[in-house]
Enquirer: 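A single structure is presented below for examination.
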There are 2 protein chains.
Amino acid sequence: MAISRTEQKEKTRRAIIDATLNQLSVEKSFASLSLREVARGAGIAPTSFYRHFKDMEELGLTLVDECGLTLRQIMRKARKRFEKGGSVIQTSVYTFMEVMETHPNIFRLLFHERSGTTHALRKAVDREIQFFIVELTDYIQAVGYEKESAVAQAEAMVAIVFNAGAESLAAKPSQRKQIEQRVVQQLRYLAMGAKVLHLSRNG
Amino acid sequence: MAISRTEQKEKTRRAIIDATLNQLSVEKSFASLSLREVARGAGIAPTSFYRHFKDMEELGLTLVDECGLTLRQIMRKARKRFEKGGSVIQTSVYTFMEVMETHPNIFRLLFHERSGTTHALRKAVDREIQFFIVELTDYIQAVGYEKESAVAQAEAMVAIVFNAGAESLAAKPSQRKQIEQRVVQQLRYLAMGAKVLHLSRNG
DNA sequence: CTATTCAGCGTACAGGTGTACGCAAAAGTG
DNA sequence: CACTTTTGCGTACACCTGTACGCTGAATAG
C-alpha cells in the first residue's frame with residue numbers, strides 16, 4: 001500500500017478546498033461558483049465531490065472555518081508585535097493588512113458572504129467576525145472602559161477596518177499605504193473620543 | 001388609442017424594475033436573480049426583456065441609480081429636520097434608518113453589490129456611496145476641519161452607518177433601536193476624537 | 001385610407017447545472 | 001487467501017439558463 005486511504009482522502013479534500021480558493025477573485029465569488037467548476041479545478045469528477053462534502057454549502061462552511069484560523073493568526077501576530085512596543089493601533093492595522101494581502105481570497109470570501117444569500121454561511125462569517133469583536137472588546141475593557149462602551153468601540157473599529165480591507169483588496173497596491181494610514185487616523189479619532197467622553201463621565 | 005406607445009413602454013419598464021426589487025430578499029440577491037425570473041415576475045415573456053434592457057447588468061445599473069435617489073432623499077429629509085434643532089448625529093442616523101426600513105430591498109442591493117462580482121455594478125454603487133461621503137465631507141469641512149481630516153471622518157462615519165444598516169436589515173425589528181443607539185454613540189466617539197485631536201494640533 | 005414601426009410572444013437551441021445510479025479498482029480486514 | 005469498504009468515474013437525466021429568430025397586432029405617420 002503506497003498511500004493510506006485516509007491520507008489520500010485528505011489529499012483530495014485539500015485539493016477541493018485549494019481549488020475553490022484559487023478560483024475566487026474579484027470577478028468570481030464563492031456564491032457564483034458551481035460544484036462542477038470546483039470539481040474541474042480540483043481535477044476530479046463532479047460526482048466525486050460528494051465523497052467529501054454534502055453540498056456547496058458545507059464546503060463554504062469549511063472555508064469560513066479556514067478564515068477563522070487566519071483571523072486568529074492576525075491577532076497572534078499583532079500581540080507578538082505589541083511586545084516590541086510601538087503604537088497599538090498602527091501595529092494592529094498594519095498586521096491586519098499584511099495578513100489580508102497574503103490571503104486575499106480568504107478575505108474576499110469573508111467580505112462577500114457576509115452579505116450573501118446563504119443563511120448558514122452568513123451566520124458562520126458573523127460568528128468569526130464576532131469573535132474578533134469580542135477579543136477586541138476584552139482588550140478595551142481591560143484598559144478600563146465599561147462593557148457597553150467597549151463593545152461600541154470594538155464594533156466600530158472592526159467596521160472601519162473591514163470596510164477599508166475590502167476597499168484595499170479592490171484598490172491598486174500603490175494606494176494601499178494611503179488607505180492604511182487613513183484607517184489608523186480613523187481609529188485614533190474613535191479611541192480618543194471614547195477616552196474623552198469616558199473621562200467626562202467618570203471624572 | 002387608449003394608451004400611447006411610449007406610455008405603455010414606460011409601464012412595462014417600471015414593471016420590470018418593480019418586479020426585480022420585489023424579488024430581492026435576504027435569500028435572493030440581484031446577482032442570483034435570472035433574467036427569466038425577472039421576466040416572470042414582471043409578467044412578460046423572457047425575450048420581451050430585451051425591449052427594455054440590453055442585459056441584466058443594464059437593469060442593475062438602473063436599480064443602482066434608483067438607490068442614488070433614495071440616498072439623496074435621506075440627506076434632504078435629514079437637512080429639513082436639522083432646522084428644527086436637535087442632535088445632528090442622532091437626527092442623521094434616525095433618518096437613515098427610517099428611510100432604509102421603508103426601502104429595504106434597495107439597500108439590500110446596495111450592500112450586496114458593493115462587494116459583488118460585476119465590475120460595472122460595483123463601480124456604480126461606489127459612486128453613490130462616494131457621493132454620500134463627499135456631501136458629509138463638505139459639511140465637516142464647513143465646520144472648520146481640514147480636508148484630510150474631514151474625509152477621514154466622513155468615510156469612517158459612512159462605514160459605521162452602512163455596517164450597522166446591513167446589520168439592522170438582517171436583525172429582528174425589536175433589536176433595531178439598540179443598533180441605532182449604538183451607532184449614535186460610535187459616531188459621537190468619532191466626532192469628539194476628531195475635535196480633540198484637531199484642537200490639540202491647531203491650538 | 002395605406003404603410004411603417006415596434007412592444008411583446010412563442011418556439012427553438014445549445015450549453016450549463018445538480019445529482020442519482022452502478023461499476024471499477026484499490027485499500028483495509030480477518 | 002477471500003471478503004468488505006470506500007474513493008473515484010462515467011453515464012444519464014431532468015431542469016434551468018440566455019438568447020436568436022420570426023411572427024402578430026396595435027399604435028403611429030403620411
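Letters go in sequence order (proteins before strands), and every chain restarts at 1.
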Enquirer: Take atom CD1 of B/Ile16 and atom P of C/dC9, then tell me their distance rounded to the nearest Å.
Expert: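 In whole Å, C/dC9 P and B/Ile16 CD1 are 10 Å from each other.
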
Enquirer: Nearest heavy atom decides the nucleotide; on that basis, is B/Lys9 or B/Arg36 closer to the 5' end of DNA chain C?
Expert: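 Looking at the nearest nucleotide for each, B/Lys9 comes out on the 5' side.
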
Enquirer: Measuring to OP1 and OP2 of C/dC6, would you say a side-chain N or O of B/Gln8 lies under 4.0 angstrom away?
Expert: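 Looking at the OP1 and OP2 atoms of C/dC6, neither is under 4.0 Å from any side-chain N or O of B/Gln8.
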
Enquirer: Is the cationic atom of B/Arg72 (NZ for Lys, CZ for Arg) positioned less than 6.0 Å from the six-membered ring centroid of B/Phe131 and within 45 degrees of its normal?
Expert: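 Yes, B/Arg72 lies over the aromatic ring of B/Phe131.
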
Enquirer: When the distance from CD of A/Glu10 to P of D/dT7 is rounded to whole Å, what number comes out?
Expert: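 Atom CD in A/Glu10 sits about 12 Å away from atom P in D/dT7.
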
Enquirer: In whole Å, what is the span from the CZ atom of A/Phe53 to the P atom of D/dG8?
Expert: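 My rounded result for the distance is 12 Å.
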
Enquirer: Of all the choices, C/dG22, C/dG18, D/dG18, which nucleotide is nearest to the side chain of A/Leu35 once you look at every atom?
Expert: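 The answer is C/dG18, which lies nearest to the side chain.
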
Enquirer: Whole angstrom is fine here: how far is it from CZ in A/Phe49 over to P in C/dT17?
Expert: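 After rounding, the gap between these two atoms is 13 Å.
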
Enquirer: With respect to the side chain of A/Tyr50, which nucleotide from C/dG28, C/dT19, D/dG18 is positioned closest?
Expert: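 Comparing C/dG28, C/dT19, D/dG18 against the side chain of A/Tyr50, the answer is C/dT19.
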
Enquirer: Using whole Å, what does the distance between atom C1' of nucleotide C/dT19 and atom CD1 of A/Ile44 come to?
Expert: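 Nearest whole value for this atom pair: 14 Å.
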
Enquirer: Using 30° and 60° as the class limits, which term best fits the ring planes of A/Phe96 and A/Phe132: parallel, tilted or perpendicular?
Expert: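 Geometry flag for A/Phe132 against A/Phe96: perpendicular rings.
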
Enquirer: What is the nucleic acid contact for B/Thr47, judged by heavy atoms within less than 4.0 Å: base, sugar-phosphate only, or nothing?
Expert: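 Counting heavy atoms under 4.0 Å across all strands, the contact made by B/Thr47 includes a base.
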
Enquirer: Using heavy atoms to find the nearest nucleotide of DNA chain D for B/Met56 and A/Ala45 separately, return the residue whose nucleotide is more 5′.
Expert: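 With B/Met56 and A/Ala45 compared, the 5'-side residue is A/Ala45.
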
Enquirer: Salt bridge or not for A/Arg79 and A/Glu135, using N-O below 4.0 Å?
Expert: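 So A/Arg79 pairs with A/Glu135 through a salt bridge.
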
Enquirer: Check the angle between the aromatic planes of B/Phe82 and B/Tyr139 and answer parallel, tilted or perpendicular using the 30° and 60° thresholds.
Expert: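 It falls in the tilted class, 30° to 60°.
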
Enquirer: Taking only the side-chain nitrogens and oxygens of A/Ser48, find out if one of them lies under 4.0 Å from OP1 or OP2 of D/dC9.
Expert: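 Yes, within the criterion.
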
Enquirer: If you look at every strand shown and take non-hydrogen atoms under 4.0 Å, does A/Arg13 touch a base, only sugar-phosphate, or nothing?
Expert: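 Here A/Arg13 touches no strand at all.
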
Enquirer: So, is B/Thr12 near the phosphate of C/dG8, with a side-chain N or O under 4.0 Å from OP1 or OP2?
Expert: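 Yes, such a contact exists.
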
Enquirer: Quiz question: going by heavy-atom distance under 3.5 Å, is there a donor-acceptor pair between the base of C/dA26 and the side chain of A/Arg5?
Expert: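 Per atom types, the contact qualifies.
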
Enquirer: In whole Å, what is the span from the CG atom of B/Asp55 to the P atom of D/dA20?
Expert: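 Value for this atom pair: 11 Å.
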
Enquirer: Which listed nucleotide (C/dT17, D/dT28, C/dG8) is nearest to the side chain of A/Arg40?
Expert: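 Minimum distance to the A/Arg40 side chain belongs to C/dT17.
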
Enquirer: How close or far is atom P of C/dG8 from atom NZ of B/Lys11, stated in whole angstroms?
Expert: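 So the two atoms are 11 Å apart, to the nearest Å.
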
Enquirer: Is there a salt bridge (Lys or Arg N to Asp or Glu O under 4.0 Å) between B/Glu113 and B/Arg122 once you walk through the steps?
Expert: CA-CA 6 Å; B/Glu113 297 313 319; B/Arg122 250 179 303 137; over 6 Å; no

Enquirer: From CZ of B/Arg51 over to P of D/dG25, roughly how many Å is that when rounded to an integer?
Expert: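 Between P of D/dG25 and CZ of B/Arg51: 16 Å.
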
